[in-house]
Student: 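After the structure tokens below, expect a handful of questions from me.
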Amino acid sequence: MQAYRKRITGSSKRWRRSSLELTHLVTIDGPTGCGKSTVAHLLAKSLRYHYLDTGAMYRAVALAIWRAGIELEDEGKIAKICNGLDIKFIHEGDSARIYLGDEDVTEAIREPTIDLTASTVSAIDRVRKVVTRLQRKIGSQGPLVAEGRDMGTVVFPEAQHKFYLDASLEVRVDRRFLERQKKGDSVSREKVKEDLIKRDHQDMTRRLSPLRPAKDAKMIDTTKLTPDQVVETIMRGMKAYS
Ligand code: DC
């Protein structure tokens, strides 16, 4: 989709797209465990759009910083890492692998140690600038379902189809706990809950691009819904607009 128009002006950095392409961009935001990754993936498959997991990008940056042993307060070294970052997605059938340079880090970024580090790293100005730029570049390349924390508010504020998913705390903890158990992790449910609350707090209260629904996002409570039901709800919401 090369008809996307990108214009970056001075410090305000406005980003423009043609109205036609706005309909090919779906944003899904929400907290950990709200089901957005599963839903975004299924939705992208149904619509035949690409799926962009923006959390994976922050996780990749966190992995690079963590491996380099850089203190999270050391903004100079973090800026240096960010300048040399080479993050890319390689699509394989329905799914996408994420690469840091030549290394496939798809599994490594899912290590529990990266959960909180990614949240902390994502609050750093330089990191957000670099990752946001990359996300917009990917957004300019074709129809997309973009999933994350600030897709509808900051990265693609002009998207026509914006959704914000949420679910009760207990259900979100259950989902995350089950996910960890499936991976053979012997973590307790209490610890999962504690980490999730901490991460939500960091993501929602940071100064830059905090997690919050865009004013024009449609809210979906996924507590009692299956992923397929959420996808149906989103598709209905999209039709109402087209
Ligand atoms: O969705 P996730 O758990 O993979 O995301 C990891 C962290 O990345 C999350 O705690 C906050 C950050 N993040 C962000 O700040 N903005 C996004 N658009 C996506 C993720």
Side-chain angles (χ1 to χ4, degrees), residues 1 3-4 15 17-59 88-98 106 109-110 131-132 134-168 171-172 174-176 178-179 182 203 209 211-242:
M1 276 223 164
Y4 273 61
W15 190 67
R17 268 163 257 108
S18 71
S19 56
L20 178 69
E21 274 68 38
L22 293 174
T23 60
H24 293 92
L25 186 56
V26 185
T27 65
I28 303 182
D29 291 303
T32 306
C34 68
K36 61 187 186 306
S37 300
T38 313
V39 165
H41 189 256
L42 288 172
L43 181 71
K45 198 173 161 192
S46 304
L47 295 171
R48 299 194 184 190
Y49 286 13
H50 274 312
Y51 159 55
L52 178 63
D53 174 357
T54 60
M57 300 168 85
Y58 286 104
R59 285 172 178 274
K88 55 186 169 290
F89 288 97
I90 296 194
H91 292 270
E92 282 179 11
D94 283 344
S95 59
R97 313 285 303 173
I98 183 161
T106 313
I109 60 166
R110 299 289 158 197
V131 174
T132 297
L134 188 53
Q135 289 163 355
R136 288 179 178 157
K137 188 173 169 202
I138 295 171
S140 73
Q141 288 165 353
L144 193 72
V145 177
E147 167 255 301
R149 304 289 194 291
D150 62 341
M151 295 298 101
T153 49
V154 175
V155 182
F156 301 117
E158 295 165 46
Q160 188 176 12
H161 304 297
K162 296 183 187 179
F163 297 88
Y164 187 93
L165 310 190
D166 208 345
S168 74
V171 163
R172 293 193 295 117
D174 283 343
R175 288 173 183 162
R176 195 83 185 108
L178 202 71
E179 219 175 276
K182 273 190 192 155
D203 294 344
S209 314
L211 167 65
R212 64 164 75 115
K215 284 198 185 80
D216 50 348
K218 292 178 201 69
M219 312 288 285
I220 303 176
D221 181 350
T222 70
T223 306
K224 294 182 180 157
L225 300 179
T226 63
D228 283 336
Q229 287 172 324
V230 181
V231 171
E232 277 167 31
T233 310
I234 291 180
M235 298 271 237
R236 273 202 305 275
M238 289 176 69
K239 279 199 188 111
Y241 262 90
S242 15

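Model, not experiment: these values are computed from the prediction.
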Student: For Asp29 versus Met151, what's the shortest heavy-atom pair and its separation?
Tutor: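 That closest heavy-atom pairing would be OD1-N, 2.9 Å.
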
Student: Looking only at heavy atoms, what is the nearest atom pair of Ala214 and Gly152, with distance?
Tutor: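 Scanning both residues, the minimum pair turns out to be CB-O, 3.6 Å.
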
Student: Nearest 0.5 Å, please: how far is NZ in Lys215 from OG1 in Thr153?
Tutor: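 Rounded to the nearest 0.5 Å, the OG1-NZ separation comes to 10.5 Å.
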
Student: As an exercise, state the distance from CG of Leu144 to CG of Leu47, rounded to the nearest 0.5 Å.
Tutor: 11.0 Å

Student: What is the minimum heavy-atom distance between Met235 and Ser46, and which atoms define it?
Tutor: CE-CB, 3.6 Å

Student: Assess whether a salt bridge exists between Arg176 and Glu179, defined as any Lys/Arg side-chain N lying under 4.0 Å from an Asp/Glu carboxylate O.
Tutor: yes

Student: Donor-acceptor check, side chain of Thr223 to backbone of Ser168, threshold 3.5 angstrom: yes or no?
Tutor: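 Yes, Thr223 side chain to Ser168 backbone: donor-acceptor pair under 3.5 Å.
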
Student: Heavy-atom distance under 4.5 Å between the side chains of Ile234 and Ile220, does that happen here?
Tutor: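 With C-beta onward as the side chain, the pair touches.
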
Student: Tell me whether Thr106 contacts the main-chain N or O of Ile98 through its side chain, where contact means a donor paired with an acceptor under 3.5 Å.
Tutor: yes

Student: If you measure from CD1 on Ile90 to CZ on Arg97, what distance do you get to the nearest 0.5 Å?
Tutor: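 The distance works out to 10.0 Å.
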
Student: Within the 4.5 Å heavy-atom criterion, are Val39 and Phe163 side-chain neighbours or not?
Tutor: no

Student: How close do Arg175 and Ala167 get, heavy atom to heavy atom, and via which atoms?
Tutor: NH1-CB, 3.7 Å

Student: For the side chain of Arg172 and the backbone of Thr32, is there at least one donor-acceptor N/O pair under 3.5 Å apart?
Tutor: yes

Student: Going from CG on Leu25 to CZ on Phe156, what distance comes out if it is rounded to the nearest 0.5 angstrom?
Tutor: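 Atom-to-atom, Leu25:CG and Phe156:CZ are 5.5 Å apart.
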
Student: How close do Arg212 and Tyr164 get, heavy atom to heavy atom, and via which atoms?
Tutor: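 Closest approach of Arg212 to Tyr164: C-CE1, 3.6 Å.
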
Student: Who are the ring pair (Phe, Tyr, Trp, His ring centres under 6.0 Å) partners of Tyr58, not counting sequence neighbours?
Tutor: none

Student: Quick check: does any side chain N or O of Arg136 sit under 3.5 Å from a backbone N or O of Val155, one acting as donor and the other as acceptor?
Tutor: yes

Student: Within a strict 4.5 Å, meaning less than it, do heavy atoms of the Met57 and Phe89 side chains meet?
Tutor: yes

Student: Does some side-chain heavy atom of Arg59 sit less than 4.5 Å from a side-chain heavy atom of Asp53?
Tutor: no

Student: Anything under 30° is parallel, anything over 60° is perpendicular, the rest tilted; go ahead and classify His24 against Tyr49.
Tutor: tilted

Student: How far does CG of Leu43 sit from OG1 of Thr38, to the nearest 0.5 angstrom?
Tutor: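 Answer for the CG-OG1 pair, Leu43 versus Thr38, is 12.0 Å.
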
Student: Calculate, to the nearest 0.5 Å, the distance between atoms OG1 and CG belonging to Thr226 and Asp228 respectively.
Tutor: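 Output value for this atom pair is 5.0 Å.
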
Student: According to salt bridge (Lys or Arg N to Asp or Glu O under 4.0 Å), who are the partners of Asp203, at least two apart in sequence or on a separate chain?
Tutor: Arg149, Arg206

Student: Please give me the minimum heavy-atom distance between Pro31 and Asp166, naming the atom from each residue.
Tutor: CG-OD1, 3.4 Å

